[in-house]
Protein chains: 2
Amino acid sequence: MTSTRQLFNQHNLRCTSQRMALYEALAAHDSHPTAEELFRLVKPGTARLSLATVYNTLEVLCRAGLARKLPTTNGCCRYDADTSIHPHVRYRESGRIDDLPRHLAERLLQSVPREVLGDIEGELSVRIAGLNIQVIADDSPEPKT
Amino acid sequence: MTSTRQLFNQHNLRCTSQRMALYEALAAHDSHPTAEELFRLVKPGTARLSLATVYNTLEVLCRAGLARKLPTTNGCCRYDADTSIHPHVRYRESGRIDDLPRHLAERLLQSVPREVLGDIEGELSVRIAGLNIQVIADDSPEPKT
DNA sequence: GTACGTGCAAAATGTTTGCATCATT
DNA sequence: AATGATGCAAACATTTTGCACGTAC
């Protein structure tokens, strides 16, 4: 198991208490928090922390490949420390984003034929940097069982 | 062929010159404009138009099912008058969103097994309202051929 | 005539930036 | 010691709102 410190060193990131706390919180939660949510989550346990640092850090983490921004339709970004390609469920009204349960995610991803992606790269002359799949759901009245 | 007027009547929307101009512009372009872009696109040909009306109208169109918001990672929303489920290419740096060429879109969509979607609905107790697939591409140095 | 849409300006929201100070290397 | 990160406040960008006026029905 790799420590956050090691991970940061590998990516040439300075190990400040704020960064480590933010990264660890992001990695520990699967709720894909907004910057604001992450701030409220981490602030209490950290000596000093400002919202600007949260934004700066998230930007740095994304550039280093340790996090990614998830696309949303309500103007505020959500972040995920899991940078692998994996589908999400986005709830329309609340804007919440969940991971799809693993077995469903697998089935969905494996159904995408690799050669289609290759053909897309060829025909559009682009390099595919990611694949974002979101199942859009109406907010369920009942919480998931 | 259905006129915008008929379409609006069917959806109980008032036919104001601004709304019709906005909808027609949105439907005519496949560039998935932001509110601001749509405003600049439509303003010149319209007697009076304010940005607030663009936002109001887009909201109304989305609620009526005549348009939809596309998720983005840069804080400003993009809109599409094509409400069918169809995959997009999103360019990382510029934020531009294109439709995938039809035959590639078909192949991608048809590869998704219908029963996986059914199972998702069953297991999460949700109603799937849409499926959003974005191929993320680094901006290509050369424009598409 | 009534209900609803519009324009304008102001406010709310989310994110970025400039700069002095502070911490990590 | 030098480089880079942080906090704060101000700037910025995008979207929403309140209200007086105008237009579609």
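First the proteins, then the strands, lettered A, B, ... as listed; each starts at 1.
Protein atom CZ of Arg63(B) is 13 Å distant from nucleotide atom C1' of dT16(D), rounded to whole Å. Asn74(B) has its CG atom 14 Å from the P atom of dA13(D), to the nearest Å. If you measure from atom OH of Tyr55(B) to atom P of dT14(D), you get 7 Å, rounded to the nearest angstrom. The distance between atom CZ of Phe39(B) and atom P of dT16(D), rounded to the nearest whole Å, is 16 Å. dT6(D) atom C1' lies 15 Å from atom CE of Met20(A), rounded to whole Å.
Chaining together hydrophobic side chains whose heavy atoms lie under 4.5 Å apart places Leu7(A) alongside Phe8(A), Leu13(A), Met20(A), Tyr23(A), Val60(A), Leu61(A), Leu66(A). Cluster partners of Leu70(A) are Ile97(A), counting Ile, Leu, Val, Met, Phe, Trp and Tyr whose side-chain heavy atoms approach within less than 4.5 Å, directly or via other members.
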Short heteroatom pairs, N/O only, protein and nucleotides 7-10 of chain D, under 3.5 Å:
unit_1: dG7(D); atom_1: OP1; unit_2: Gln18(A); atom_2: NE2; d: 3.3
unit_1: dG7(D); atom_1: OP1; unit_2: Arg48(A); atom_2: O; d: 2.5
unit_1: dG7(D); atom_1: OP1; unit_2: Leu49(A); atom_2: N; d: 2.6
unit_1: dG7(D); atom_1: OP2; unit_2: Ser50(A); atom_2: N; d: 2.8
unit_1: dG7(D); atom_1: OP2; unit_2: Ser50(A); atom_2: OG; d: 3.2
unit_1: dG7(D); atom_1: OP2; unit_2: Thr53(A); atom_2: OG1; d: 2.4
unit_1: dG7(D); atom_1: O3'; unit_2: Arg48(A); atom_2: NH2; d: 3.4

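Between Arg78(B) and Arg19(A), the residue anchored nearer the 5' end of DNA chain D, judged by the nucleotide with its closest heavy atom, is Arg19(A). Between Leu13(B) and Lys69(B), the one whose closest nucleotide on DNA chain D sits nearer the 5' end is Lys69(B). Where Ala35(A) and Arg14(B) meet DNA chain C, the nucleotide closest to each residue was compared, and Arg14(B) sits on the side nearer the 5' end.
End-to-end axis angle of the helix from dG1(C)-dC25(D) to dT25(C)-dA1(D), from C1' rotation axes over five pairs per end: 40° (rounded to 10 degrees).
Every pair tested for salt bridge (Lys or Arg N to Asp or Glu O under 4.0 Å) that includes a residue from residues 2-29 of chain A fails, sequence neighbours excluded, so the list is empty. Here salt bridge (Lys or Arg N to Asp or Glu O under 4.0 Å) pairs that include residues 73-86 of chain B, with residues two or more places apart or in two chains, are Glu37(B)-Arg78(B). Applying the salt bridge (Lys or Arg N to Asp or Glu O under 4.0 Å) rule to pairs touching residues 42-61 of chain B yields Glu59(B)-Arg63(B), sequence neighbours excluded.
Taking every nucleotide of DNA chain C with any atom under 4.0 Å from a non-hydrogen atom of chain A, the first and last of them, 5' to 3', are dG14(C) to dT25(C).
The structure places CG of Asn9(A) at 11.0 Å from OG1 of Thr4(A), a figure rounded to the nearest 0.5 Å.
Within the structure, every side-chain polar atom (N or O) of Thr34(B) is placed at least 4.0 Å from both OP1 and OP2 of dT14(D).
Of the possible donor and acceptor atoms, none in the side chain of Asn74(B) sits under 3.5 Å from a partner among the backbone N and O of Gly95(B).
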Extract all donor-acceptor atom pairs below 3.5 Å that involve side chains of residues 127-136 of chain B and protein atoms in other chains or at least two apart in sequence.
unit_1: Arg127(B); atom_1: NE; unit_2: Asp138(A); atom_2: OD2; d: 3.0
unit_1: Arg127(B); atom_1: NH2; unit_2: Asp138(A); atom_2: OD2; d: 2.8
unit_1: Gln134(B); atom_1: OE1; unit_2: Arg90(B); atom_2: NE; d: 2.7
unit_1: Gln134(B); atom_1: OE1; unit_2: Arg90(B); atom_2: NH2; d: 3.1
unit_1: Gln134(B); atom_1: NE2; unit_2: Pro71(B); atom_2: O; d: 3.1

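With sequence neighbours excluded, the residues that form a ring-ring contact (aromatic ring centres under 6.0 Å, His included) with His88(A) are His32(A), His86(A). By the side-chain contact (heavy atoms from CB on, under 4.5 Å) test, Ala52(B) is found to be paired with Ser50(B), residues two or more places apart in sequence or in another chain being considered. Considering only residues two or more places apart in sequence or on other chains, Glu106(A) meets the salt bridge (charged side-chain N to carboxylate O under 4.0 Å, His left out) condition with none of them.
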